[in-house]
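These notes concern the structure reproduced below.
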Amino acid sequence: MKNAAMFLALALAFTSLTAFTFSGSNEYVGSKSCKACHSNAKMGGTAYKKWDGGPHSKAYETLKSAEADKIAKEAGHKTKAVETDACLSCHVTGMMEKGAKFSKRFKKTEGVGCESCHGAASAYKTKHAKDVAGAKKLGLESPSIADGSAEKLCVSCHNEKSPTYKGFDLKKYWAKIDHSK
Ligand code: HEC
Ligand code: HEC
Ligand code: HEC
Ligand code: HEC
């Protein structure tokens, strides 16, 4: 019995990890595609507004600063921060994923968008508004604070590989970007 539970836990952990790495043939469509519904409390809630006013929507813009270029140079890169893959990897949606696909609507300038955490959306975007369970089979990710899957996701970027890493405290950091109802 104990072994079966352990196996199940491991299998679940494995699927959630691979789900973030392989989005199948899904394309990243960009956060603007979520705006219409997720700005409205009567429809999908107000997550868009919260994200737009928060740090992740500025993550690309940040790489355009003189400070960012200085950090890139000190790390041995010869290109401007905003043209350096090693910086874009954590500052723009989908950039650290091998073989990721991007639709024409996707814009790097949106920084760390909704799909960085909820999965590339081309396949689930329409479906999930009425059928969340069905959408999960099409790549919708619902990382959770309670079961630890959210924290795993956060620390895939919030870690020592970040040249400006200041540590990561889930409770404190989540409070700053909380957009759940
Ligand atoms: C057509 C309107 C519409 C669009 C466009 C839309 N959403 Fe939604 N979304 C909804 C509605 C409505 C719900 C609530 C569904 C429910 O609880 O049954 C929802 C729920 C969600 C949830 C919560 C799922 C869960 O586990 O309960 C996430 C995450 C989400 N949307 C992400 C996105 C992202 C990312 C985009 C853009 C790529 C997006 N949505 C675009 C309407 C929309
Ligand atoms: C795809 C990479 C990525 C993921 C995943 C990610 N972040 Fe971030 N986060 C960033 C980047 C890049 C910045 C810096 C944005 C800026 O300042 O331009 C940032 C900044 C922040 C900030 C502001 C920090 C400050 O110094 O004010 C908070 C809070 C934050 N993230 C919380 C979270 C939480 C909570 C999660 C998980 C639910 C998470 N992040 C997941 C990349 C990521
Ligand atoms: C840094 C990661 C991150 C980003 C970026 C992000 N989300 Fe989320 N989102 C989460 C996490 C984690 C939760 C679940 C928190 C919990 O356990 O209650 C969540 C929850 C939600 C929910 C469900 C709320 C509920 O309680 O039913 C919706 C809807 C949602 N996000 C939509 C969006 C949309 C739309 C965007 C972009 C505008 C976005 N998210 C950007 C991590 C993120
Ligand atoms: C492993 C992921 C990761 C990589 C790679 C990364 N960053 Fe960041 N960056 C972050 C996160 C997360 C933050 C939010 C603050 C932190 O470090 O805790 C951030 C914040 C920043 C900031 C804002 C300063 C601050 O103190 O908040 C600048 C500037 C920056 N990064 C520049 C760069 C440059 C330039 C590169 C490439 C040489 C780079 N980053 C590579 C994840 C990363």
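We count ligands from 1, going down the list as the structure has it; atoms in each ligand are counted the same way.
Under 2.8 Å from atom 8 (Fe) of ligand 3 lies no N/O/S atom of C114, from backbone or side chain alike.
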Would you tabulate the side-chain donor-acceptor contacts of residues 38-50 under 3.5 Å, counting partners in other chains and residues two or more places apart, or write 'none'?
residue: H38; atom: ND1; partner: G44; partner atom: O; Å: 2.8
residue: S39; atom: OG; partner: K35; partner atom: O; Å: 2.7
residue: N40; atom: OD1; partner: K42; partner atom: N; Å: 2.8

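Set against the non-hydrogen atoms of A86, the atoms of ligand 4 under 4.0 Å away are 5 (C), 41 (C). Near A81, meaning under 4.0 Å from any of its heavy atoms, are these atoms of ligand 4: 35 (C). Per-residue contacts place H38 under 4.0 angstrom from the following atoms of ligand 3 (heavy atoms of the residue considered): 29 (C), 35 (C).
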Quick check for students: name every N or O atom pair between ligand 2 and the protein closer than 3.5 Å, with distances.
residue: ligand 2; atom: 7 (N); partner: H56; partner atom: NE2; Å: 3.0
residue: ligand 2; atom: 7 (N); partner: H158; partner atom: NE2; Å: 3.0
residue: ligand 2; atom: 9 (N); partner: H56; partner atom: NE2; Å: 2.9
residue: ligand 2; atom: 9 (N); partner: H158; partner atom: NE2; Å: 3.0
residue: ligand 2; atom: 18 (O); partner: T62; partner atom: OG1; Å: 2.3
residue: ligand 2; atom: 31 (N); partner: H56; partner atom: NE2; Å: 2.8
residue: ligand 2; atom: 31 (N); partner: H158; partner atom: NE2; Å: 2.9
residue: ligand 2; atom: 40 (N); partner: H56; partner atom: NE2; Å: 2.9
residue: ligand 2; atom: 40 (N); partner: H158; partner atom: NE2; Å: 2.8

Passes ring pair (Phe, Tyr, Trp, His ring centres under 6.0 Å), Y165 versus H158? Steps please. CA-CA 7 Å; Y165 185 57; H158 288 267; 7.7 Å; no

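Side-chain contacts under 4.5 Å among hydrophobic residues (ILVMFWY), followed directly or transitively, place M96 with no other residue at all.
Considering backbone and side-chain N/O of Y165, one or more are found under 3.5 Å from N/O of ligand 4. Any N or O atom pair closer than 3.5 Å counts here, and H118 shares at least one such pair with ligand 3. For ligand 3, the polar-atom distance check against H179 finds a nitrogen or oxygen pair separated by under 3.5 Å.
For E61 and K64, the salt-bridge test passes: some basic side-chain N is under 4.0 Å from an acidic carboxylate O.
Judged by distance alone, with hydrogens and angles left aside, the side-chain atoms of S149 form a donor-acceptor pair with the main-chain N or O of S144 at under 3.5 Å. Under the 3.5 Å distance criterion, the side-chain polar atoms of Y124 are matched with a main-chain donor or acceptor of G119. Proximity of a side-chain donor or acceptor of T84 to a complementary backbone N or O of C87 within less than 3.5 Å is not detected.
Partner of C157 under the side-chain contact (heavy atoms from CB on, under 4.5 Å) criterion, chosen from S116, S162, S89, C90: C90. Evaluated for a side-chain contact (heavy atoms from CB on, under 4.5 Å) with Y28, the options K101, E97, M95 yield exactly one hit, E97.
Both the backbone and the side chain of S180 come within contact range of ligand 3, each with a heavy atom under 4.0 Å.
Among residue pairs with one or both ends in residues 61-86, none qualify as ring-ring contact (aromatic ring centres under 6.0 Å, His included); sequence neighbours excluded.
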